[in-house]
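Here's the structure, in structure tokens; my notes come after.
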4 protein chains.
Amino acid sequence: MTKLQKSIDKRNALIKATIELVNNNGFHATPMSKIAKMANVSPATIYLYFENKQDLVNQTYLEVKTKYTDFVFNTYDENTSIKTGFELIWKRIAEFNINECEYSFFLTQCNNTPIIDEPSRQEGIKHLQPLLDLWKRGKDEGVIKPISDYILYAYSINPISSLMMAQKLGQFQLTKANTEEAFLTAWDSIKL
Amino acid sequence: MTKLQKSIDKRNALIKATIELVNNNGFHATPMSKIAKMANVSPATIYLYFENKQDLVNQTYLEVKTKYTDFVFNTYDENTSIKTGFELIWKRIAEFNINECEYSFFLTQCNNTPIIDEPSRQEGIKHLQPLLDLWKRGKDEGVIKPISDYILYAYSINPISSLMMAQKLGQFQLTKANTEEAFLTAWDSIKL
Amino acid sequence: MTKLQKSIDKRNALIKATIELVNNNGFHATPMSKIAKMANVSPATIYLYFENKQDLVNQTYLEVKTKYTDFVFNTYDENTSIKTGFELIWKRIAEFNINECEYSFFLTQCNNTPIIDEPSRQEGIKHLQPLLDLWKRGKDEGVIKPISDYILYAYSINPISSLMMAQKLGQFQLTKANTEEAFLTAWDSIKL
Amino acid sequence: MTKLQKSIDKRNALIKATIELVNNNGFHATPMSKIAKMANVSPATIYLYFENKQDLVNQTYLEVKTKYTDFVFNTYDENTSIKTGFELIWKRIAEFNINECEYSFFLTQCNNTPIIDEPSRQEGIKHLQPLLDLWKRGKDEGVIKPISDYILYAYSINPISSLMMAQKLGQFQLTKANTEEAFLTAWDSIKL
DNA sequence: CATGAATGAGGATTCATTCAT
DNA sequence: TATGAATGAATCCTCATTCAT
């Protein structure tokens with residue numbers, strides 16, 4: 001194994017540990033020492049890869065966000081009907097939320113608390129462009145309601161996170177059937 | 001002013017300070033000393049009213065949640081059509097989110113992080129019963145989709161919080177017109 | 001013992017400990033924990049009395065400097081001959097350096113290293129005014145060499161510190177006879 | 001360039017960096033990593049040339065002290081009158097303090113704090129022998145006061161450092177004229 | 001009830017030093 | 001010889017909590 005690979009491994013281990021611990025305890029209840037222990041490095045080593053705790057969380061956020069959007073738009077094809085395109089994206093988002101719930105829970109927590117820098121948050125928003133483009137086209141074609149993207153997003157995308165949270169808390173089970181219902185509900189909410 | 005009143009005032013001041021500080025800094029970045037200072041009491045005094053920091057936050061959560069449900073169901077009348085009943089509740093929720101955004105932001109933060117005890121969280125859920133009853137009736141009457149309450153909630157209620165968050169971040173403005181669009185979208189998502 | 005007295009005692013104990021430890025180990029080799037231990041308080045207690053380590057050393061410096069000048073000019077009388085006045089001041093300085101060598105060594109160390117803030121250093125210089133006034137009169141009367149005060153100071157006052165340092169290192173003993181010789185040497189260097 | 005030369009260069013770079021950083025920040029506020037960076041070597045490399053941080057400072061001290069005495073006694077000739085001999089030495093010391101103030105400030109700092117080992121300090125004192133010999137002759141001839149060498153040193157040599165410090169702090173300017181006054185003052189203080 | 005002073009435990013971060021290469 | 005990566009042991013400082021008054 002090369003030196004570079006070992007470095008990357010260590011950085012990844014740190015990010016993984018950060019996600020797990022912040023998910024379970026919150027940012028401020030997650031000491032650097034625990035992150036180090038879980039990643040099998042010395043606390044001092046963290047500072048070779050990250051400037052400080054805030055930087056560690058910011059970078060973790062951006063890394064996870066990138067994984068998220070990469071996955072979400074990976075299968076997306078612009079040349080489809082609005083509904084098909086939306087379904088493609090929505091179901092990938094759902095799949096990510098179900099299969100990578102560690103990641104999606106982390107994102108949710110970051111999005112709803114003041115633990116992330118505003119710059120990093122802004123950086124994370126950019127990635128959704130394809131979905132916004134799709135909605136623009138949908139509005140032009142009279143298929144999607146002519147309302148603010150924020151409303152469209154709040155009603156068709158955010159609920160997936162809510163359901164994921166409910167599942168994490170053991171209140172609810174996201175089955176195949178459930179997911180289909182949820183998708184149709186999302187579509188009902190934004191279609192014209 | 002009676003002694004009892006003075007006590008209640010102090011307790012209220014502490015809860016108010018907790019909300020403001022947790023909203024701005026997060027739970028663990030909010031020291032007891034700052035809460036005390038903002039409430040104009042000694043740190044030691046907090047422990048006359050609350051067992052410890054966790055208890056303070058739990059009680060704050062329940063208190064705010066109670067304010068929330070009291071407000072939301074205050075004007076509710078069971079003897080209306082499903083849609084009217086839903087609109088009544090939904091708009092009160094929206095009104096609360098807009099006018100008392102300190103409170104609703106606090107609830108959102110609690111709902112999306114591990115800072116609240118599971119027992120307190122469970123306690124907070126109970127209060128929604130009238131809405132669940134309404135949905136049950138709606139499903140029976142064939143007006144509301146026959147799907148899990150969690151999905152209904154995720155699609156028709158949670159988005160209000162999302163929009164409130166967006167507004168708090170300055171990305172979005174909840175106007176009268178906007179709110180009406182949002183309501184119709186909510187209804188579209190759950191109506192059969 | 002009153003509460004206030006206990007507070008003052010603690011502050012004094014901290015300053016005493018700071019002097020002793022910095023004298024023996026230097027500023028940066030003196031951890032707050034050791035200062036606390038020697039003063040019989042918890043490390044956290046230091047921060048009730050001082051903002052941080054730098055502030056602790058700055059305040060210690062000023063406190064010692066004040067003790068120094070208070071002592072030095074305590075017996076001074078303006079209405080004497082130049083030589084008598086100078087002798088009065090010089091011998092008090094010598095006495096302080098001999099009897100309170102902890103204090104004078106601390107001052108010397110502060111004066112010769114970058115551990116004291118510039119503002120605190122400036123603050124400490126002010127106190128020497130009576131000596132400067134005496135020299136002014138001496139120059140006017142043609143008794144003192146008409147050269148820079150800095151030179152006068154370097155030759156007549158600073159050597160006392162040097163001798164104190166030598167004594168501390170065990171190389172030299174400041175006896176009565178020695179001190180008299182040193183005084184005459186000082187006078188020879190500045191008298192016209 | 002030979003391998004040996006490269007080694008010497010590195011050692012010199014390290015010593016130079018040590019002087020500059022200790023002068024500006026003090027011994028303990030000067031991390032090995034910064035010294036390494038300023039000398040353009042790896043931190044690990046320092047340990048090829050020096051046993052540890054203390055050894056690095058000790059050796060730096062001795063090296064500078066050697067430069068100092070080499071310079072000071074370079075032009076010295078034993079076969080002169082006491083006054084001429086003293087003037088020769090004194091003016092070289094002054095010249096060194098003015099032209100190589102980085103070096104002399106470093107020496108002053110070492111001489112007034114506990115950062116140098118006692119052995120190294122002792123080692124550094126030896127070099128002054130020619131001056132002590134001169135004073136011995138002067139006392140025998142009845143030209144120099146029959147008092148302790150420590151007093152002679154404190155009054156005629158140390159003040160140069162004091163003036164250099166004052167100059168470094170920007171309070172005072174060591175001009176030609178000033179220096180001459182200072183020399184005469186030094187001579188007045190020790191001559192019989 | 002109310003408090004200011006006090007603190008032990010713990011957290012982020014730094015640093016002298018080592019080690020595999 | 002030279003190094004960059006790695007680290008354990010501090011170090012400064014904070015904070016939830018207690019206690020004497």
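Just so we're on the same page: letters track the sequence lines, and every chain starts at 1.
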For residues 31-45 of chain C, tabulate all N or O donor-acceptor pairs below 3.5 Å that involve a side-chain atom, not counting sequence neighbours.
unit_1  : atom_1 : unit_2  : atom_2 : d
C:Ser42 : OG     : C:Ala44 : N      : 3.2
C:Thr45 : OG1    : C:Ser42 : O      : 3.4

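A donor-acceptor pair shorter than 3.5 Å can be found between the side chains of C:Asp9 and C:Gln5. Side-chain atoms of C:Asn24 and C:Glu20 include no donor-acceptor pair closer than 3.5 Å.
Heavy-atom minimum distance, D:Leu14 versus D:Ile46: CD2-CG1, 3.7 Å. In terms of heavy-atom proximity, C:Lys53 sits nearest to C:His28 at NZ-CA, 4.0 Å. The nearest pair of heavy atoms linking B:Val22 to B:Phe27 is CG1-N, 3.9 Å. Between A:Asn52 and A:Tyr47, the shortest heavy-atom contact is CA-CE2, 3.9 Å.
In this entry the distance linking NZ of A:Lys37 with P of F:dG8 reads 11 Å, nearest Å. Here E:dA16 presents its P atom at 7 Å from OH of D:Tyr47, a figure rounded to the nearest Å. Distance D:Ile46 CD1 to F:dG4 P: 12 Å, rounded to the nearest Å. Here F:dA2 presents its C1' atom at 17 Å from CZ of D:Arg11, a figure rounded to the nearest Å. When rounded to the nearest whole Å, the span between CG of A:Asn52 and P of E:dT13 equals 5 Å. Distance CG (D:Asp55) to P (E:dT17): 10 Å, rounded to an integer number of Å. For the pair D:Phe50 CZ and E:dA16 P, the computed distance is 15 Å after rounding to whole Å. C:Ile35 has its CD1 atom 10 Å from the P atom of F:dC13, to the nearest Å.
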With pairs defined as Watson-Crick or G-U wobble and both distances under 3.5 angstrom, please note down DNA chain F as a dot-bracket string, | for pairing with another strand.
.||||||||||||||||||||
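Every residue was checked against the ring pair (Phe, Tyr, Trp, His ring centres under 6.0 Å) condition with A:Phe50, not counting sequence neighbours, and none meets it. With sequence neighbours excluded, the residues forming a salt bridge (charged side-chain N to carboxylate O under 4.0 Å, His left out) with C:Glu63 are C:Arg11, listed by chain and number.
Here, E:dC1 and F:dT21 have their P atoms 23 Å apart, quoted to the whole Å.
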Produce a footprint string for nucleotides 5-11 of chain E: one letter per nucleotide, 5' end first; B if the base is under 4.0 Å from any protein heavy atom, S if only the sugar-phosphate is, - if neither.
SBBB--S
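Proximity of C:Tyr49 to C:Ser7: side-chain heavy atoms (C-beta onward) are separated by under 4.5 Å at one or more points.
A donor-acceptor contact shorter than 3.5 Å is absent between the side chain of B:Asn112 and the backbone of A:Thr108.
Near DNA chain F, meaning a heavy atom under 4.0 Å from it, residues 18-27 of chain C has no residue at all.
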